[in-house]
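A note on names: the letters A, B, ... follow the listed sequences, proteins ahead of strands, and every chain is numbered from 1.
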Number of protein chains: 2
Amino acid sequence: MSTDDFMIGDLRLPDPGQLEAYFALTEAVALLQHQVDQQLRAEGGISAVQFELLMTLNGSSTGLTMTQLADGVVYSRSGLTYQAGLLEKAGLVTRGPSPEDERATLVAITPKGREIVGRVLPGHIEVTRKLLYDAVDEADLNRLGRIMSQVRDHIRSEPPRSAGPRRRRRAAGI
Amino acid sequence: MSTDDFMIGDLRLPDPGQLEAYFALTEAVALLQHQVDQQLRAEGGISAVQFELLMTLNGSSTGLTMTQLADGVVYSRSGLTYQAGLLEKAGLVTRGPSPEDERATLVAITPKGREIVGRVLPGHIEVTRKLLYDAVDEADLNRLGRIMSQVRDHIRSEPPRSAGPRRRRRAAGI
DNA sequence: ATCAAGAGCTTCGAATTCGAAGCAAGAAGA
DNA sequence: TCTTCTTGCTTCGAATTCGAAGCTCTTGAT
């Protein structure tokens, strides 16, 4: 990383600029997600989590297994079971057995689900544009995408936590 | 989550690069925060939220009011009341009336609280360094800090559509 | 001074989360 | 085939979260 880290005893502290990156990152995302959630609830009666699930499913005509879905949105398995239940009850997705694997549950979006997505998407884009895209110029937006993709891939590829059992990727929320 | 091209009706969406910025941002932060939370619970028995609160308080010798604290960490007032109760019960903070305003509650960190912070801080830095700082070079890290600071300030300055005041206070952390 | 409006916290109820434990279906192997 | 291990998902209990409503103190206007 940087060659001029601050040292306090044995502790190698990141310099203030690096700290700023971390703080600004988490704070900005928290603010952003809150606003996004508000818009989705107001215009479509769904949470940000549910929207992400629907969007993920929207891109797959065959449907996805619960595990694929959970990994896609960075979410716990049990949390996904809960949300999938809500979405199914609301008629926005269907759940059925996979023909390939009796254990697996295939989740697919319904026409009604797509209708909801179509209803909230313009507002969603509007909010993200106002809060994120309007905050930075195009060059920075591209840099941001590149950098955060790098970070995401880096974290995804990290070796499993120290002493844990076999290779199994975790997924959990905020 | 990497996505295909979403196309709903004839709604024009931000180009793929812009979408990538948004998705990579939220996904990477979710992954990062989960790992941070795990480390803090393992080494200090506190959650990421509690750590942020302690770090914020750590920078203030006089203590902060509940509102200042909640704004600093981007958190609901009622949620903060709950967490402050836990921290007080654990002896990590004290709560007392403000001399200036009978209504206000001043929260201050205790020596025991500082001790916990000191215990978990090295590991916290280690985790963030491995997951975030090691993922990008120094120039990109500086760019990231600059861009996200811009975004944060932009969102903070947005008219909150109807809600109460948003105060600017540095969040916790490393 | 008194009343009304506002500010700061907490309480309350409902919703959401996660991890651990449990259950059922595949896979491996002897 | 018959264990035994693994995988995919759900259930369960406990913790956390938020917004709305409530309480107390402060401020502003009359």
From the options [options], select the nucleotide whose nearest atom is closest to the side chain of [X].
X        : options                : result
B:Asp101 : C:dT16, D:dC9, D:dC25  : D:dC25
B:Thr65  : D:dT17, C:dC9, D:dT10  : C:dC9
B:Tyr75  : C:dG26, D:dT10, D:dT16 : D:dT16

* To do: Hey, which sits more toward the 5' end of DNA chain C by its nearest nucleotide, A:Gln83 or A:Glu100?
  =>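 On the 5' side of the pair lies A:Gln83.
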* A:Glu20 and B:Arg152 ion-paired at < 4.0 Å -> yes
Pairs of donor and acceptor atoms involving the side chains of residues 101-111 of chain B, under 3.5 Å and at least two apart or interchain, shall be tabulated with distances.
| from | atom 1 | to | atom 2 | distance (Å) |
| --- | --- | --- | --- | --- |
| B:Asp101 | OD1 | B:Arg103 | N | 2.9 |
| B:Asp101 | OD1 | B:Arg103 | NE | 3.0 |
| B:Asp101 | OD2 | B:Arg103 | NE | 3.3 |
| B:Asp101 | OD2 | B:Arg103 | NH2 | 2.8 |
| B:Thr110 | OG1 | B:Gly91 | O | 2.7 |
| B:Thr110 | OG1 | B:Leu92 | O | 3.1 |
| B:Thr110 | OG1 | B:Lys112 | N | 3.4 |
| B:Thr110 | OG1 | B:Gly113 | N | 3.0 |

* Would you kindly compare A:Ala84 and A:Gln38 by the position of their nearest DNA chain D nucleotide and give the one closer to the 5′ end? =>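 Looking at the nearest nucleotide for each, A:Ala84 comes out on the 5' side.
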* Asked: Between A:Met66 and A:Arg103, which has a closest nucleotide on DNA chain D that is more 5'?
  ->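 Final value for this comparison: A:Arg103.
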When you measure from the side-chain N and O atoms of [X] to the phosphate of [N], is any distance below 4.0 Å, counting only OP1 and OP2?
X       : N      : answer
A:Gln68 : D:dG8  : no
A:Thr67 : D:dC9  : yes
B:His34 : C:dG19 : yes
B:Arg41 : C:dC18 : no

* **Donor-acceptor pair (no angle test) under 3.5 Å: A:Ser76 side chain, C:dG19 base** =>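 Side chain to base: no pair present.
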* Would you classify B:Thr105 as touching base, sugar-phosphate or nothing, given that sugar-phosphate means primed atoms plus P, OP1 and OP2, and contacts are heavy atoms under 4.0 Å? => sugar-phosphate
* Quick one: ring pair (Phe, Tyr, Trp, His ring centres under 6.0 Å) partners of B:His154, sequence neighbours excluded? ->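 With sequence neighbours excluded, B:His154 shows a ring pair (Phe, Tyr, Trp, His ring centres under 6.0 Å) to no residue whatsoever.
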